[in-house]
Number of protein chains: 2
Amino acid sequence: MKLPLFNESFTKISEEKRNKILQTATDYFAEHGFESSNINMIAKKAGISIGAMYSYFSSKEALFSTVIHYAVETLKSVMDDIMKGDDELLSKLEKIIRAVQVNSRTNVLYTKLYGQLTAENRSDLTSQIVADIESVTTGLYTALLEQAQKEKIIRNDIDPRLFAFFLDNLLITLQFSYACTYYRERLKLYAGEDVFSDDDLVATQLMKFIKGALLLN
Amino acid sequence: MKLPLFNESFTKISEEKRNKILQTATDYFAEHGFESSNINMIAKKAGISIGAMYSYFSSKEALFSTVIHYAVETLKSVMDDIMKGDDELLSKLEKIIRAVQVNSRTNVLYTKLYGQLTAENRSDLTSQIVADIESVTTGLYTALLEQAQKEKIIRNDIDPRLFAFFLDNLLITLQFSYACTYYRERLKLYAGEDVFSDDDLVATQLMKFIKGALLLN
DNA sequence: AGAAAAAGAGCGAATGCTCACTCACGTAGA
DNA sequence: TCTACGTGAGTGAGCATTCGCTCTTTTTCT
């Protein structure tokens, strides 16, 4: 099974038009989710006909997958930049935290999309998309921890796959907490109104938490 | 703003019938989510007519709210039982982890409610219930950590509010990972197919992670 | 070159399907 | 006979998808 993406005709239209369609669809899906989104509406908002829409994308799913695909590419490039550096594990983690704080604020839309996706229960689509999105970070974090274990930087009595999973959980929820209304309120409930004007506090506390969990002794 | 729940007529039917309806609806919503669930189907499966269904619940939302309401009550009582005990912090946390794993079936609903609330912006339907729960656990975890700090069980150089927040993040994502399709797939990606038949592994590793983060030295 | 024909891009009304919800009609007990 | 409960075919709205059409561009033929 392969993810249905755009048809060839979509590549033949002007870049401007392509971006307009993708931007409109991203906005719409982010606001309404997959089920409640209306392709006819998206087409109208993007200024094209339904017929044209269906010549570019053979189904609603194909349009959705394409939108997700582009979101993932953005995420990938941010992560790649961080991982390319030859910092140590902890410096890399701190960079990721900072990137999450900065990036999710500027790109609330993609985070919402992610939220939408995880809320849906369409198993056929989901497993494909999960593989696409999460494979970026999954292998990466696990490898990072395994390497650090070899170098005796972090404890050896742990399962690096599960610890990578917990680590990722912390980063994902952090991202939600900066991007989604509900999670923002929740973070405020925990740490007060001011948290959002003190990125340093959150970053250093989270680093303390992670260091404690990972490091030797 | 009030949540629509069941009509008076629902209280007048036999308990057996009531349970059958609730159980069927719970299963169905848990499998299909709100949008994709079909009331006519639920009525048929529960062995009652659509008309009867609509005399008990004045809308699809009302049925959903009722189902969620019961799920939340169950969850609350589980948490209460754990918190009532006079165990130490760590024993309590382990009990919560175990409860999350065991009750994942019930939690499917809670998770979906949470996911929808998080992702969508129109949250009029369920916001009250979730806000209730959130404010309960928020204060609870923070107080737990502050107490443990006083007793010099956990480190003193941390902000208990933020550490409570990180802790809750770990527990929430664990819950998601046992309850909803997307996060299940993701956990599988990290730790392989078998994780779901080895609750002990996940529980002990998560406890290690948390202990490392919280404990002194 | 100019006419004619074919190919293709774009359109949007129409189709057909899926439900949430209604209501005219039982039926059983008092 | 009256009331209360229950029934399920029917209604209408929403929406993914189709298809016959127009208009434009390219190709073929004289």
Side-chain angles (χ1 to χ4, degrees), chain A residues 3-22 24-25 27-29 31-68 116 120-122 124-125, chain B residues 3-22 24-68 116 120 122 124-126:
Chain A
L3 271 176
L5 289 177
F6 47 84
N7 298 333
E8 207 195 328
S9 60
F10 186 60
T11 63
K12 290 178 179 164
I13 60 181
S14 74
E15 196 182 332
E16 193 190 1
K17 202 169 176 182
R18 234 179 303 140
N19 286 338
K20 181 77 187 291
I21 293 169
L22 282 178
T24 309
D27 286 352
Y28 206 95
F29 279 128
E31 196 176 332
H32 299 90
F34 179 76
E35 295 285 353
S36 300
S37 283
N38 181 338
I39 277 216
N40 298 38
M41 218 65 208
I42 294 174
K44 185 181 271 180
K45 284 203 174 195
I48 62 166
S49 70
I50 310 151
M53 190 88 250
Y54 271 87
S55 79
Y56 305 147
F57 306 93
S58 45
S59 68
K60 189 182 180 184
E61 287 194 357
L63 174 62
F64 187 68
S65 305
T66 303
V67 159
I68 293 285
Q116 282 290 352
E120 304 275 354
N121 242 37
R122 312 179 36 78
D124 47 336
L125 260 190
Chain B
L3 277 172
L5 289 176
F6 47 84
N7 297 333
E8 206 196 328
S9 59
F10 185 59
T11 62
K12 288 180 181 165
I13 58 181
S14 75
E15 197 182 333
E16 194 189 4
K17 203 170 177 181
R18 234 180 301 141
N19 286 338
K20 181 78 187 291
I21 293 169
L22 281 179
T24 308
T26 303
D27 287 351
Y28 207 96
F29 279 127
E31 195 178 332
H32 298 90
F34 179 74
E35 294 285 353
S36 300
S37 284
N38 183 338
I39 278 216
N40 298 37
M41 218 67 207
I42 294 174
K44 186 181 270 179
K45 282 204 174 195
I48 61 166
S49 69
I50 310 152
M53 188 89 252
Y54 272 86
S55 79
Y56 305 147
F57 306 94
S58 46
S59 68
K60 189 183 180 184
E61 286 196 356
L63 174 60
F64 186 68
S65 304
T66 303
V67 157
I68 291 292
Q116 270 161 12
E120 289 174 27
R122 46 147 225 115
D124 10 321
L125 175 62
T126 46

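Sequence lines set the chain letters: A, B, ... in the order given, protein chains first and strands last, and positions in each chain run from 1.
The residue from A/Thr24, A/Ile68, A/Leu63 that alone fulfils the side-chain contact (heavy atoms from CB on, under 4.5 Å) condition with A/Phe29 is A/Leu63.
One can place CD1 of B/Ile39 at 18 Å from P of C/dT18, the figure rounded to the nearest angstrom. If you measure from atom CG of B/Leu63 to atom C1' of C/dC19, you get 15 Å, rounded to the nearest angstrom. Across the protein-nucleic acid pair, B/His32 atom NE2 and C/dT18 atom P stand 14 Å apart, rounded to whole Å. Atom pair B/Lys60:NZ and C/dT18:P shows a separation of 15 Å (rounding to whole Å applied). In this entry the distance linking OH of A/Tyr28 with C1' of D/dA16 reads 13 Å, nearest Å. Rounded to whole Å, the distance from NZ on B/Lys44 to C1' on C/dA20 is 15 Å.
Between C/dT18 and B/Asn38, no contact under 4.0 Å exists linking OP1 or OP2 to a side-chain N or O.
Not counting sequence neighbours, the partners of B/Ile13 by the side chain to side chain contact (heavy atoms under 4.5 Å, CB included) test are B/Phe10, B/Lys17, B/Arg18, B/Ile21, B/Tyr56.
Residue contacts for A/Ser58: at a heavy-atom cut-off of 4.0 Å it reaches no nucleic acid atom on any strand shown.
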| message | Strictly under 4.0 angstrom, non-hydrogen atoms only: write out the protein contact profile of nucleotides 7-16 of chain C, one letter per nucleotide from the 5' end, B, S or -. | response | ---SBBB---
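Recorded end-axis angle for the helix from C/dA1-D/dT30 to C/dA30-D/dT1 stands at 30°, based on five pairs per end and rounded to 10 degrees.
B/Asn7 is not listed as a side-chain neighbour of B/Tyr54, based on a closest heavy-atom distance of 4.5 Å or more.
With hydrogens and angles ignored, the 3.5 Å screen pairs no side-chain donor or acceptor of B/Lys20 with any backbone N or O of B/Ile48.
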